[in-house]
Amino acid sequence: MCDQTFMAATFGPCDSCGKTGPLMNIYIKNEPVNYCSFCVEVMAYRGLQKGETLETLRQESDTLKKKLEEERGKLNDVELHQVAEKIEVVGALSIKTRRVLKGHGNKVLCMDWCKDKRRLVSSSQDGKVIVWDGFTLNKENGVSLPCTWVMACAYAPSGCAVALGDGLDNKCSVIPLSLDKNENLATKKKSVAMHTNYVSGCTFTSSDMQILTSSGDGSCALWDVESGQLLQSFHGHTADVLSLDLSPSETGNTFVSGGCDKKSCVWDMRSGQNIQTFENHESDINCVKYYPSGDAFASASDDATCRLYDLRADREVAIYQKDSIIFGASSVDFSLSGRLLFAGYNDYSINVWDVLKVTRVSILFGHENRISRVCVSPDGTALCSASWDHTLRIWA
Amino acid sequence: MQTDTPHSSSIAQARRTVQQLRIEASIERIKVSKASSDLMRYCGEHAKNDPLLMGIPASENPFKDKKPCTVL
């Protein structure tokens with residue numbers, strides 16, 4: 001999946017010195033420019049303060065990293081599961097498969113719930129996107145986009161549109177939904193986002209007007225749906241970004257992203273600034289999801305662990321792992337109260353973790369291939385899982 | 001799988017790293033004990049409204065099959 005270079009090297013005249021040669025695509029004050037590597041170095045050199053050299057910068061970087069670790073370590077006075085010893089254990093869960101959604105012809109790569117708590121949209125590797133009624137299993141809408149992998153899909157807050165992320169076109173498009181089942185929705189597809197590599201994740205912000213995308217080109221971006229304009233871009237990952245999640249907090253204007261560089265980053269949506277970075281995982285991070293209060297987030301990785309990070313303590317506070325779990329985790333989501341963490345794995349199972357006591361509560365079996373996504377419904381009554389076995393399951 | 005950034009030894013890269021680390025080192029942090037108890041409190045407050053955690057009866061959960069009704 002991450003086998004393409006994310007720095008799109010182009011060839012042409014440099015925007016600064018005019019010489020023709022290989023160019024680096026960089027961003028200055030959010031505007032994309034193409035400079036030859038010499039001009040990039042000159043610009044950086046001019047920006048150096050008096051007395052700074054590459055060596056002093058490297059030393060300062062090392063000192064700062066040590067200081068960061070020390071500061072974080074000072075506050076680690078107790079472990080989460082120790083604080084949670086005094087609360088009650090989670091009772092036996094009676095979660096079973098209640099619905100199996102069949103209709104896709106290939107791996108189901110993504111799904112999302114509608115805010116009305118009954119509809120959901122799912123997308124698959126054969127380019128088919130289906131809107132389902134979760135109660136009746138009725139397929140309300142279907143769109144066929146041949147020659148593309150729809151790697152990401154999201155429902156608009158109004159319920160009137162869906163956003164789709166292309167794995168081959170590198171675009172994110174928005175399709176308005178119609179009540180008329182026979183209408184050919186593919187013709188109404190509107191391209192909004194353009195990346196230089198596959199779109200791995202997309203989500204609407206608080207309204208239907210803006211979408212946030214993550215891409216294999218190493219960046220995330222915020223777009224205006226109506227005009228297709230890039231509003232803000234987020235650079236800092238050094239490899240493909242595989243997942244993103246918007247903060248649920250009403251005052252929050254932040255989102256978290258995770259990628260193949262094993263880092264998860266928290267960003268300020270308005271300034272484009274990377275606020276916090278966490279580097280604990282030992283392999284690609286496949287999914288990141290905020291805790292319902294917005295003060296923490298969980299990540300799922302190919303290193304077979306899921307981890308919980310508290311944003312105010314600025315550190316990892318729990319690792320959900322077991323010696324018997326050796327396959328990568330592809331997706332996570334919290335239950336409504338945040339007490340349970342549902343994680344889908346490449347060994348076809350979904351493990352249910354007690355977030356506070358850091359123990360496994362249950363395992364959900366049923367799928368016949370890897371889980372690509374798990375998502376709890378907006379009112380917390382059900383969990384939906386999408387799998388490479390071409391089906392989705394609703395558990396309750 | 002990632003490609004190594006070709007200019008990792010460059011001044012531009014080093015400056016960006018230093019600036020980023022300066023920002024990250026200066027943020028305010030709280031103790032893990034306080035953060036944990038806040039997470040626990042949030043769970044406690046919302047636990048009774050969590051259908052998957054508590055389990056709600058079939059009559060209230062549209063996904064669960066209801067028992068057949070008999071007409072008296």
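Protein chains get the first letters and strands the later ones, always in sequence-line order, with residue 1 at the start of each.
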| query | Among pairs that include at least one residue of residues 14-33 of chain B, which meet ring pair (Phe, Tyr, Trp, His ring centres under 6.0 Å), considering only residues two or more places apart or in two chains? | reply | none
| request: Return the orientation label for the Trp113(A) and Phe63(B) ring planes: parallel under 30°, perpendicular over 60°, tilted otherwise. | output: perpendicular
| task | May I ask you to decide if the ring planes of His237(A) and Trp267(A) are parallel, tilted or perpendicular, using 30° and 60° as cut-offs? | result | tilted
| message | Report which part of Val317(A) has an atom under 4.5 Å of a heavy atom belonging to chain B: side chain, backbone, both, or neither. | response | side chain
| Under-4.0 Å salt bridge between Arg339(A) and Asp354(A) | yes
| said: Between Lys34(B) and Asp38(B), does any side-chain N to carboxylate O distance fall below 4.0 Å? | reply: yes
| task | Give every residue pair that meets the salt bridge (Lys or Arg N to Asp or Glu O under 4.0 Å) criterion with at least one member in residues 72-89 of chain A, sequence neighbours excluded. | result | Glu71(A)-Lys74(A), Arg72(A)-Asp314(A)
If I measure from the heavy atoms of chain A, does [X] come under 4.5 Å with its side chain, its backbone, both, or neither?
X	result
Glu24(B)	both
Leu52(B)	both
Ile27(B)	side chain
Arg22(B)	both

Output the option from [options] having the highest count of non-hydrogen pairs under 4.5 Å with chain A.
options	result
Lys31(B), Glu28(B), Met54(B), His46(B)	Lys31(B)
Ser37(B), Ser26(B), Cys43(B), Ser36(B)	Cys43(B)
Thr17(B), Ile23(B), Asn49(B), Leu21(B)	Leu21(B)

